[in-house]
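Right, one structure below, let's go through it.
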Amino acid sequence: MTLDRRALLATPLLGLARPAFAQAYPTRPIRIVIPFTPAGTTDLVGRLTAEMLGRRLNHQVVVDNRPGASGNVGAEFVARSEPDGHTLLLTTIGTGAINFAVFRDRMPYKPEDLAAVALMTRVANVLMAANNTSIRSVADLVREARARPGAINYGTAGIATSPHVVVEQLRLATGIDITHVPYRGSGPMLTEMVAQRIETGMDNIPSALPFIRDGQIRAIGVTSAARNASMPDVPTIAEQGLPGFEATAWFGVLAPAATPAAVVQRLGAEMNAIALDPAFRERMAALGADVPGLTPDGGTTPAAFAAFLRAEIAKWSDVVTRANIRVE
């Protein structure tokens, strides 16, 4: 038999290989890597996603917390894993977009090392002021900052976190000079705000909401395009003289880049169903989180999430570069 003849006969078998693989998937437990420590918004979204995916697939889905280097440790682990759909990453705005600009040449993986599967939810940040200040709006903050350049401190959960970069976006938009005070997480920063040792701060709504509802900290603006249902009386920053200002933290699912397209599409469909499931939405709404919003019905697809990621990487690269944010 000639080589051409053997190749011709083998072609149909090769064509059947991918659908057979996709049909058999999954063949062992699926692992969702969460690149941060247990507790907090990232962990909650990841664990709920894992629980609901396991029920939908009638298959074991486990959570693996791998923190370190602003999420880069866990993300790199997934990027280097076998691309068969059994190891996934619960990505954040940091590991999916901001870190590429902040860490630059020190990033251990590239955007193209991971494949977009689904955006699960979006979470706005909230700009806050301590109760012992007279700051009750963005205009108040701008006025006081211009009167006392560099004297007003703002706290965040750490360098290069979503709240840090969003305040830098605000600082660039208004031209004010305020001083960043990074903490090791939201908890310590919020504690300092309650104790009135820092004047202002920015954080994800889920972690800040209990303190705001108890009146321990004053909310002065949310970073989403529309007001947040969990605090409808708090205006957006865009409403307060900065039209077009928008920034949301977000959480999604990525897979190793070479994962078969059929598996990515299967996972994308399952994740979309989870993101729109009333039970998932109820849990997210209680945290002030919103639907993915990448499709007309509010859902998500791998292609739509891929386009979203490209836009986010470009957006935050510009902000990080102009604000000269670096991790030494």
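These figures come from a predicted structure and were not determined experimentally. Throughout, numbering of the chain's residues begins at 1 and tracks the sequence.
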(message) Using modelled atom types and a 3.5 Å cut-off, is there a donor and acceptor pairing between side-chain atoms of T223 and backbone atoms of N125?
(response) yes
(request) To the nearest 0.5 angstrom, please state how far the OG1 atom of T174 sits from the CG atom of D177. (result) 10.0 Å
(message) Salt bridge or not between E51 and R55? Use side-chain N to carboxylate O under 4.0 Å.
(response) yes
(message) Between N228 and S230, do the side chains contain a donor N or O and an acceptor N or O under 3.5 Å apart?
(response) yes
(message) I need the D203 CG to F211 CZ distance, nearest 0.5 Å.
(response) 9.0 Å
(request) Give the cluster check for V102 versus V181: same hydrophobic cluster or not, with ILVMFWY residues linked at side-chain heavy-atom distances below 4.5 Å. (result) no
(message) With a 6.0 Å cut-off on the ring centroids, do F100 and Y109 count as close?
(response) yes
(request) May I ask you to decide whether D64 forms a salt bridge with R31, counting only side-chain N to carboxylate O separations under 4.0 Å? (result) yes
(message) Determine whether a donor-acceptor pair (N or O, by modelled atom type, separation under 3.5 Å) exists between the side chain of E144 and the backbone of T133.
(response) no
(message) For a 4.5 angstrom cut-off between non-hydrogen side-chain atoms, does I30 reach Q60?
(response) no
(message) Test your reading of the model: is there a side-chain donor-acceptor pair from T179 to the backbone of G150, 3.5 Å cut-off?
(response) yes
(request) Say whether, by atom type as modelled, one donor and one acceptor occur between the side chain of E199 and the main chain of N153 under 3.5 angstrom. (result) yes
(request) Look only at the side chain of T259 and the backbone of A255, and say whether a donor-acceptor pair between them is shorter than 3.5 Å. (result) no
(request) For S224 and E246, work out which heavy atoms get closest and say how close. (result) C-CG, 4.2 Å
(message) Check this for me: does any side-chain nitrogen of one of R80 and D113 sit under 4.0 Å from a carboxylate oxygen of the other?
(response) yes
(request) Any chance you could measure T161, atom OG1, to I325, atom CD1, to the nearest 0.5 Å? (result) 9.0 Å
(message) Can a donor-acceptor pair be found, under 3.5 Å and without considering hydrogens, that links the side chain of R281 to the backbone of L276?
(response) no
(message) Ignoring hydrogens, what is the shortest heavy-atom contact between G96 and W250? Give both atom names and the distance.
(response) CA-CH2, 4.0 Å
(request) For N204 and V123, work out which heavy atoms get closest and say how close. (result) CB-CG1, 4.3 Å
(request) Over all heavy atoms of both residues, which pair between M52 and A279 is shortest? Give the atoms and the distance, please. (result) CE-CB, 4.4 Å
(message) Can you confirm whether L90 sits close enough to V33 that some side-chain heavy atom of one is under 4.5 Å from a side-chain heavy atom of the other?
(response) no
(message) Just by distance, no angles: are the side chains of T87 and E82 close enough, under 3.5 Å, to form a donor-acceptor pair?
(response) no
(message) Within the 4.5 Å heavy-atom criterion, are V263 and R266 side-chain neighbours or not?
(response) no
(request) Taking D297 for its side chain and G299 for its backbone only, find out whether a donor-acceptor pair lies under 3.5 Å. (result) yes
(message) Go through it in stages, so that I can follow the logic: the residues are D140 and R143, the test is salt bridge (Lys or Arg N to Asp or Glu O under 4.0 Å), and I'd like the CA-CA distance, side-chain angles, deciding distance and then a yes or no.
(response) CA-CA 5 Å; D140 289 344; R143 183 175 57 254; 2.5 Å; yes
(message) So P182 and H180, do their side chains get closer than 4.5 Å, heavy atoms only?
(response) yes
(message) Quick check: is M193 connected to V166 through a chain of hydrophobic side chains (ILVMFWY, heavy atoms under 4.5 Å apart)?
(response) no
(message) Grouping I, L, V, M, F, W and Y whenever their side-chain heavy atoms are under 4.5 Å apart, do V222 and L141 come out in a common cluster?
(response) no
(request) Going by the side chain to side chain contact (heavy atoms under 4.5 Å, CB included) test, name the single residue among N272, T91, V253 that passes it with F305. (result) T91
(message) If I take atom NZ from residue K315 and atom CD1 from residue I93, how far apart are they, to the nearest 0.5 angstrom?
(response) 7.5 Å
(message) Determine whether M231 and V126 satisfy the following criterion, side-chain contact (heavy atoms from CB on, under 4.5 Å), listing intermediate values before the conclusion.
(response) CA-CA 10 Å; M231 47 177 73; V126 56; 4.1 Å; yes
(request) Indicate whether the side chain of Q169 and that of W316 have a donor and an acceptor atom separated by less than 3.5 Å. (result) no
(message) Whether the side chain of R218 engages the backbone of I135 through a donor-acceptor N/O pair (distance < 3.5 Å, no angle test) should be reported.
(response) yes
(message) Tell me whether V73 shares a hydrophobic cluster with L254, the cluster being built from Ile, Leu, Val, Met, Phe, Trp, Tyr side chains joined at under 4.5 Å.
(response) no
(request) Give me the one residue out of E282, R283, M284 that meets side chain to side chain contact (heavy atoms under 4.5 Å, CB included) with F280. (result) M284
(request) For residues Y183 and T156, determine if any side-chain heavy atom of one lies less than 4.5 Å from a side-chain heavy atom of the other. (result) no
(message) To the closest 0.5 Å, what do you measure between CG (L267) and NE2 (H86)?
(response) 9.0 Å
(request) Could you pull out the closest heavy-atom pair between Q240 and I220, with the gap in Å? (result) NE2-O, 2.8 Å
(request) Check the pair L242, L170 against side-chain contact (heavy atoms from CB on, under 4.5 Å), reporting the backbone distance first and the verdict last. (result) CA-CA 9 Å; L242 292 172; L170 175 65; 3.4 Å; yes
(message) side-chain contact (heavy atoms from CB on, under 4.5 Å), that's the test. Do F77 and L89 meet it? Break it down for me.
(response) CA-CA 9 Å; F77 175 82; L89 174 69; over 6 Å; no
(request) Look up atom CD1 in I313 and atom CD1 in I98, then write down how far apart they are to the nearest 0.5 Å. (result) 11.0 Å
(message) Test your reading of the model: is there a side-chain donor-acceptor pair from T121 to the backbone of D290, 3.5 Å cut-off?
(response) yes
(request) Could you tell me which non-hydrogen atom of L57 sits nearest to which non-hydrogen atom of P26, and how far apart they are? (result) CD1-CG, 4.4 Å
(message) Does any part of the side chain of L287, heavy atoms only, come nearer than 4.5 Å to the side chain of L209, both counted from C-beta?
(response) no
(request) Check whether V320 and M202 end up in the same hydrophobic cluster, where Ile, Leu, Val, Met, Phe, Trp and Tyr are linked by side-chain heavy atoms less than 4.5 Å apart. (result) yes
(message) Assess the residue pair S70 and N72 against the criterion (side chain to side chain donor-acceptor pair (under 3.5 Å)); give the C-alpha distance rounded to whole Å, side-chain angles, the decisive distance to 0.1 Å, and a yes or no.
(response) CA-CA 6 Å; S70 298; N72 286 349; over 6 Å; no
(request) Would you mind reporting whether P235 and R227 have side-chain heavy atoms less than 4.5 Å apart? (result) yes
(request) Apply side-chain contact (heavy atoms from CB on, under 4.5 Å) to I32 and V62, showing your working. (result) CA-CA 6 Å; I32 296 182; V62 298; over 6 Å; no
(request) Tell me yes or no: between the side chains of R47 and N65, is some donor less than 3.5 Å from an acceptor? (result) yes
(message) So that I can tick it off, tell me whether R322 and D318 are bridged by a salt bridge, with the cut-off set at under 4.0 angstrom between side-chain N and carboxylate O.
(response) yes
(message) Do E192 and L190 make a side-chain contact, defined as non-hydrogen atoms from C-beta onward lying under 4.5 Å apart?
(response) no
(request) Would you confirm whether T300, through its side chain, and L119, through its main-chain N or O, come within 3.5 Å as a donor-acceptor pair? (result) yes
